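One structure coming up, written as structure tokens, with questions to follow.
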Protein chains: 2
Amino acid sequence: MLEELEDDTRAIRRDATRARILAAAWELARRDGVAAITLRDVARQVGMRAPSLYTYFPSKNAMYDAMYADGARELAQTLSRRAEVSDPRETLRNRIRLFIDFCVADPVRYQLIMERPIPGFEPTPESFRITIDALADTRADMEATGVRGESALDMWRALITGLVSLQIANDPGGDRWTRLQDDALDMFLAHHADGPTGARRPERKGGEA
Amino acid sequence: MLEELEDDTRAIRRDATRARILAAAWELARRDGVAAITLRDVARQVGMRAPSLYTYFPSKNAMYDAMYADGARELAQTLSRRAEVSDPRETLRNRIRLFIDFCVADPVRYQLIMERPIPGFEPTPESFRITIDALADTRADMEATGVRGESALDMWRALITGLVSLQIANDPGGDRWTRLQDDALDMFLAHHADGPTGARRPERKGGEA
DNA sequence: GTCTATATCCAGATAGAC
DNA sequence: GTCTATCTGGATATAGAC
């Protein structure tokens, strides 16, 4: 029968339209903020009316979830490009650069994936999983430099989060904070890693001056 | 005449009602988020209907601005309590603790003052000024420890911002990140200050290992 | 000063014709 | 699959009675 072929064609067209809708949603989100987009505007952007979108997404939150998955996949793809070199510190540095560049390249995408900017929306577990997996290897790169412990990872997350969020909030398009990333890593490693032996520092108290 | 006395009494009652309205607004903001509060709900909370609020605030944004000024004054008052001790590092440590405690004690207040959580609202210059002034002395405390330069201050802001925002977002009510504050300061000072002489480190390149 | 009633606007979502 | 028309609900803000 020809029916199966027709079904395939139909599915392909459907996916293409879905992609067009998502692209329009991203464009409006970048212009007005993620939380500000409306189904009416998204529909107009692709030459439709709002109710037609319900053919492709059962709800607005479902559309948000598809956007989230989009961004999470882009993050995964970006980090997969990190180069592994002989010096583990340079490997880590490379990963950090990829991550920070990803964040500041599209602040709205960053917010959608890393923060929770839309009241009432949180990603489905399947979509969230993509983000988790993408970030999971950071720990290995970190430990390869001799850094151990949850506290050290938490400290590092804080440092990177702070650099990115201040960059986006106070110097969008610039590099006032992102240019500190290498210095930040030097500072962090000097404090948390004790060279190739990987011996751990004491938990705190009594500076090393 | 008695008219002036009556005017005073009336003004006092008006201010008291304004304060009751603001308290209600804060309560709802803490429960549902700053951006989610509605005039209807705030009014109900104080036993009124929404239009009555316009006697006390000319617009919703004016109410937000009053809330902003509230929070900013509380920040100023908090930081004014910082103890100045002989060791400038301990003085700085004390200020940081006050600041971080202030932030995590009321995440919604933190967001209103330090971020821009409400589309279409930004504080009036007079209200914003309160925040600026409250934070201005941090630089002096920092420089008293021998740290110099805008980059160092930017790095420090990033570190604190990261600790606070991760704490609020991922461990509300806990101390997973806030307990790192002393360690963060040690790390930062070890990297950015060169002891009492105050000599500056090179701008970057070539680790100090 | 507070109320009711209402203007005005906009949102997400559904029904049903075509 | 897409449309028009509509439901349902909520928001800020204003007019005018009391």
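A note on names: the letters A, B, ... follow the listed sequences, proteins ahead of strands, and every chain is numbered from 1. A quick note: this is a predicted structure, and the numbers were derived from the prediction, not measured.
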Output the single nucleotide from C/dC3, C/dT2, D/dG1 whose closest atom is nearest the side chain of B/Arg49.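 Ranking C/dC3, C/dT2, D/dG1 by closest atom to the B/Arg49 side chain puts C/dC3 first.
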Check: Do A/Thr55 and A/Ser52 have side-chain N/O donor and acceptor atoms under 3.5 Å apart?
Finding: no
Nearest to the side chain of B/Lys60 - C/dA11, D/dA13, C/dG1?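 My answer, after comparing the listed nucleotides, is D/dA13.
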note: B/Ile118, atom CD1; D/dA11, atom P; distance rounded to Å ~ 15 Å
Between CD1 of A/Ile12 and C1' of D/dG1 the distance, given in whole Å, is 18 Å
- Which is true for B/Ser52 with a 4.0 Å heavy-atom rule: it touches a base, it touches only sugar-phosphate, or it touches nothing? base
Which is true for B/Gly120 with a 4.0 Å heavy-atom rule: it touches a base, it touches only sugar-phosphate, or it touches nothing?
->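 Nothing: the residue B/Gly120, judged by heavy atoms under 4.0 Å, touches no strand.
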Tell me the interatomic distance from B/Asp32, atom CG, to D/dA11, atom C1', rounded to whole angstroms.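 Nearest whole value for this atom pair: 15 Å.
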CG (B/Leu159) and CZ (B/Phe188) are apart, to the nearest 0.5 Å, by 8.0 Å
To the nearest angstrom, the CZ-P distance between B/Arg10 and C/dG1 comes to 7 Å
Check this for me, if you would: do A/Arg148 and A/Glu143 make a salt bridge, where the nitrogen-to-carboxylate-oxygen distance has to be below 4.0 angstrom?
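Answer for the salt bridge query: no.
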Taken to the nearest whole Å, OH/A/Tyr54 to P/C/dA11 is 12 Å
Mind calculating the distance between CZ (A/Phe57) and P (D/dG1) to the nearest angstrom?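 The distance from CZ of A/Phe57 to P of D/dG1 comes to 13 Å, rounded to the nearest Å.
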Requested in this report: Classify the nucleic acid contact of A/Ser59 as base, sugar-phosphate or nothing, counting any heavy atom under 4.0 Å across all strands shown.
Outcome: sugar-phosphate
Please confirm whether any donor atom in the side chain of B/Arg40 sits under 3.5 Å from an acceptor in the base of D/dG10, or the reverse.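 Check fails, no donor-acceptor contact within cut-off.
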| In terms of the nearest nucleotide of DNA chain C, which residue is placed more toward the 5' end: A/Leu39 or B/Arg14? |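 Closest to the 5' end, via its nearest nucleotide, is B/Arg14.
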Among the nucleotides D/dG1, D/dC3, C/dC3, whichever has the atom closest to the side chain of B/Met48 is C/dC3
Rounded to whole Å, please give me the gap between CG in A/Asp41 and C1' in C/dC9.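 Distance check: A/Asp41 CG to C/dC9 C1' gives 14 Å.
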>> I want to check a possible cation-pi pair here: A/Arg97 against A/Phe102, using under 6.0 Å from ring centre and within 45° of the ring axis as the test.
In response: no
Quick one: is C/dT2 close enough that its OP1 or OP2 comes under 4.0 Å of any side-chain N or O from B/Tyr56?
yes
In whole Å, I'd like the distance from the CZ atom of B/Arg44 to the C1' atom of C/dT2.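 One finds 13 Å between C1' of C/dT2 and CZ of B/Arg44, rounded.
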Would you say B/Glu90 has more than 12 foreign heavy atoms packed within less than 6.0 Å of its CD?
yes
Considering only heavy side-chain atoms of B/Pro51, the closest of D/dC3, C/dT4, C/dG1 is C/dT4
